[in-house]
Protein chains: 2
Amino acid sequence: MADGTGGLARAVLRDQLRERLLARILDGEFAPGERIVESHVMKEYGVSQAPVREALRDLEAMRFVESFPHRGVRVRLISERELAEMYPVRAALEEVAGRAAAPVVTDDVLALLADEIEAMRAATRDGDVHAVLVHDARFHEIVFETADNALLLDVWRSLHAEIRALVTYTRVRVGLTEIVESHVPILQALRQRDAALAGKEMRHHIEHFGALAFREKTARPD
Amino acid sequence: MADGTGGLARAVLRDQLRERLLARILDGEFAPGERIVESHVMKEYGVSQAPVREALRDLEAMRFVESFPHRGVRVRLISERELAEMYPVRAALEEVAGRAAAPVVTDDVLALLADEIEAMRAATRDGDVHAVLVHDARFHEIVFETADNALLLDVWRSLHAEIRALVTYTRVRVGLTEIVESHVPILQALRQRDAALAGKEMRHHIEHFGALAFREKTARPD
DNA sequence: CCGTGCTCGATTATCGATAATCGAGGAGTC
DNA sequence: GACTCCTCGATTATCGATAATCGAGCACGG
């Protein structure tokens with residue numbers, strides 16, 4: 001058993017490797033565009049090639065890396081153009097989630113959502129940008145889970161890489177408070193169980209920040 | 001990258017195995033709920049365990065099979081509910097594609113779309129259901145390609161709408177002619193370069209058949 | 001007769017090694 | 001000097017074998 005390096009010897013190796021590698025990608029230790037060589041990872045964690053390959057394949061499905069036959073795996077470089085492309089897709093998905101979630105949301109879930117907003121506010125006061133983003137993502141994830149559509153949730157999760165990269169771009173341009181408070185109308189629409197309104201608020205929420213983030217280059221013909 | 005039928009990704013065993021296994025699942029040779037044993041597939045195709053595992057993992061990501069650690073892989077029962085879940089997601093994506101494609105569509109593309117409709121009509125006359133679905137899928141794919149949003153195209157492809165539609169068709173009888181002719185309003189909206197209308201037609205197109213196939217559970221308040 | 005623990009066959013998860021493939025860089029030619 | 005061909009090092013794709021794990025069936029005690 002490989003216990004010389006980091007003490008990963010419990011569950012399925014593939015999953016542990018995936019989490020480790022993902023953390024390193026998000027920390028920027030693996031820079032975008034940089035290659036991730038299987039043999040290096042093998043030696044570093046003292047495991048064999050197979051679990052490394054499968055972990056990397058999982059990360060590919062999550063869109064954090066890309067791979068080409070015989071040419072290996074590299075951290076996906078997410079261009080500003082791709083981020084711009086994400087907004088209409090994400091906006092549409094969030095609208096679907098809002099519409100589906102509103103009629104079936106329970107008071108418990110509403111409380112959870114309110115908690116997340118509170119947590120975002122607290123993190124904002126502490127200046128903890130990372131925590132804000134975590135609770136932001138969690139807020140949206142709760143809505144998608146409530147929508148009770150496994151396929152929808154799956155597709156949304158596959159956008160994680162883009163969403164993650166997105167916040168790095170927008171971090172400096174948009175105030176944290178504005179981000180946090182813009183979740184309130186969504187919660188209110190859900191409280192009213194108004195499907196159309198909830199969908200609209202979800203859509204606007206995404207489109208608003210999309211327009212903010214790319215206002216200098218969006219020459220959208222309307 | 002998610003390759004559809006790109007062309008030069010042939011030599012990789014994993015991909016070939018995935019296609020073979022998928023065909024067998026769809027043919028019903030592997031019944032829903034039935035286990036797929038790695039060692040059996042190994043011997044049957046004369047390959048090693050690694051490519052089999054990776055092919056099965058791909059199929060898992062596509063939701064055609066499910067796997068549990070140390071307990072192997074089994075064919076997922078694609079429930080009617082799951083098929084129903086696809087429709088709102090797909091409808092939203094198609095609307096985005098229609099809106100994006102309409103302002104930039106060329107006459108060449110419009111001609112291609114008209115050709116696909118003609119091909120669908122011909123296939124209908126021949127009673128070739130599979131061909132109809134292929135050209136149907138191609139019609140929509142052309143619209144997504146025209147939308148010029150790589151992420152949107154990627155997400156749409158990940159739905160494998162053609163395959164799911166096939167499954168739907170085998171369960172719910174919908175008139176072929178109705179399917180084919182319902183593409184005409186989309187083409188007309190694109191001809192007018194009317195983004196909002198094209199999006200709306202795309203959405204209605206999908207929602208219509210979703211409602212037909214699963215009318216008992218869609219109770220959209222309107 | 002029923003429940004419990006154990007053994008065994010089947011299967012997966014992982015390993016270490018080999019074959020196939022790619023990209024860079026040097027020798028040779030015009 | 002620029003281009004082409006070829007070799008070589010690096011890396012991936014696949015293989016065959018071993019270790020870990022699970023579930024079913026059986027012996028045993030209550």
Side-chain angles (χ1 to χ4, degrees), chain A residues 1-22 24-25 29-61 64-77, chain B residues 1-3 6-22 24-25 29-62 64-76:
Chain A
M1 219 61 70
D3 55 354
T5 45
L8 41 90
R10 224 200 248 141
V12 193
L13 279 182
R14 176 203 334 137
D15 294 336
Q16 302 177 52
L17 282 171
R18 186 190 59 221
E19 292 309 313
R20 292 268 183 132
L21 292 174
L22 178 54
R24 291 172 70 178
I25 291 171
E29 189 181 331
F30 289 126
E34 189 177 337
R35 289 196 41 193
I36 299 183
V37 179
E38 293 177 2
S39 57
H40 297 177
V41 179
M42 278 172 61
K43 286 169 193 157
E44 193 167 356
Y45 288 101
V47 299
S48 184
Q49 191 185 13
V52 176
R53 283 179 65 79
E54 301 204 345
L56 288 174
R57 191 153 295 280
D58 285 356
L59 290 175
E60 185 184 10
F64 284 105
V65 303
E66 59 187 351
S67 83
F68 301 93
H70 299 285
R71 287 178 51 191
V73 171
R74 68 174 54 210
V75 180
R76 254 172 56 104
L77 178 94
Chain B
M1 202 180 302
D3 63 311
L8 41 98
R10 272 287 167 245
V12 193
L13 278 183
R14 179 205 329 140
D15 295 336
Q16 302 179 51
L17 282 171
R18 186 190 58 217
E19 293 309 313
R20 297 293 286 271
L21 292 174
L22 178 54
R24 291 172 71 177
I25 290 172
E29 188 181 329
F30 289 127
E34 189 177 337
R35 289 194 42 189
I36 299 182
V37 180
E38 294 178 0
S39 58
H40 297 177
V41 179
M42 277 173 61
K43 285 167 192 160
E44 193 166 355
Y45 289 100
V47 298
S48 184
Q49 191 184 14
V52 175
R53 282 180 65 81
E54 302 204 345
L56 289 174
R57 191 151 296 281
D58 284 356
L59 289 176
E60 184 184 12
M62 295 183 201
F64 288 107
V65 304
E66 60 187 351
S67 83
F68 302 93
H70 300 285
R71 288 179 51 190
V73 171
R74 67 175 53 211
V75 180
R76 262 179 57 117

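Letters A, B, ... are given to chains in the order of the sequence lines, protein chains preceding strands, and every chain is numbered from 1.
Atom NE2 in B:H70 sits roughly 6 Å away from atom P in D:dT21 (whole-Å rounding). Rounded to an integer number of Å, the gap from A:R35 CZ to D:dT11 P is 6 Å. Across the protein-nucleic acid pair, B:E38 atom CD and C:dT14 atom C1' stand 12 Å apart, rounded to whole Å. When rounded to the nearest whole Å, the span between CD of A:E34 and P of D:dT11 equals 13 Å. Separating the CD atom of B:Q16 from the C1' atom of D:dT14 is a distance of 13 Å, rounded to the nearest angstrom. Whole-Å rounding puts the A:F68 CZ to D:dT11 P distance at 18 Å.
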Practice problem: Before giving the answer on side-chain contact (heavy atoms from CB on, under 4.5 Å), spell out for B:L21 and B:F64 the whole-Å C-alpha distance, their side-chain angles and the decisive distance to 0.1 Å. | Solution: CA-CA 10 Å; B:L21 292 174; B:F64 288 107; over 6 Å; no
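Listed in residue order, the members of residues 44-57 of chain B having a heavy atom less than 4.0 Å from DNA chain D are B:V47, B:S48, B:Q49, B:P51.
Considering only residues two or more places apart in sequence or on other chains, B:E60 meets the salt bridge (charged side-chain N to carboxylate O under 4.0 Å, His left out) condition with B:R57. Residues that satisfy the salt bridge (charged side-chain N to carboxylate O under 4.0 Å, His left out) test with A:R24, not counting sequence neighbours, are A:E29, A:E44. By the side chain to side chain donor-acceptor pair (under 3.5 Å) test, B:S48 is found to be paired with no residue, residues two or more places apart in sequence or in another chain being considered.
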Residues 36-43 of chain B side chain polar contacts: donor-acceptor under 3.5 Å, at least two apart:
{"unit_1": "B:E38", "atom_1": "OE1", "unit_2": "B:Q49", "atom_2": "NE2", "d": "2.7"}
{"unit_1": "B:E38", "atom_1": "OE2", "unit_2": "B:R53", "atom_2": "NH1", "d": "3.1"}

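Judged by closest nucleotide on DNA chain C, B:G72 is the one of A:M42 and B:G72 placed further toward the 5' end.
Close to D:dG23, at under 4.0 Å from its OP1 or OP2, lies a side-chain N or O of B:R71.
Of the candidates D:dT14, C:dG23, D:dT12, the closest approach to any side-chain atom of B:R14 belongs to D:dT14.
Looking at B:L59 and B:I25, their side chains come closer than 4.5 Å, going by heavy atoms from C-beta outward.
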Identify all pairs in which a protein N or O lies below 3.5 Å from an N or O of nucleotides 5-10 of chain C, and state each distance.
none

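Within the structure, no pair that satisfies the salt bridge (Lys or Arg N to Asp or Glu O under 4.0 Å) test touches residues 65-75 of chain B, not counting sequence neighbours.
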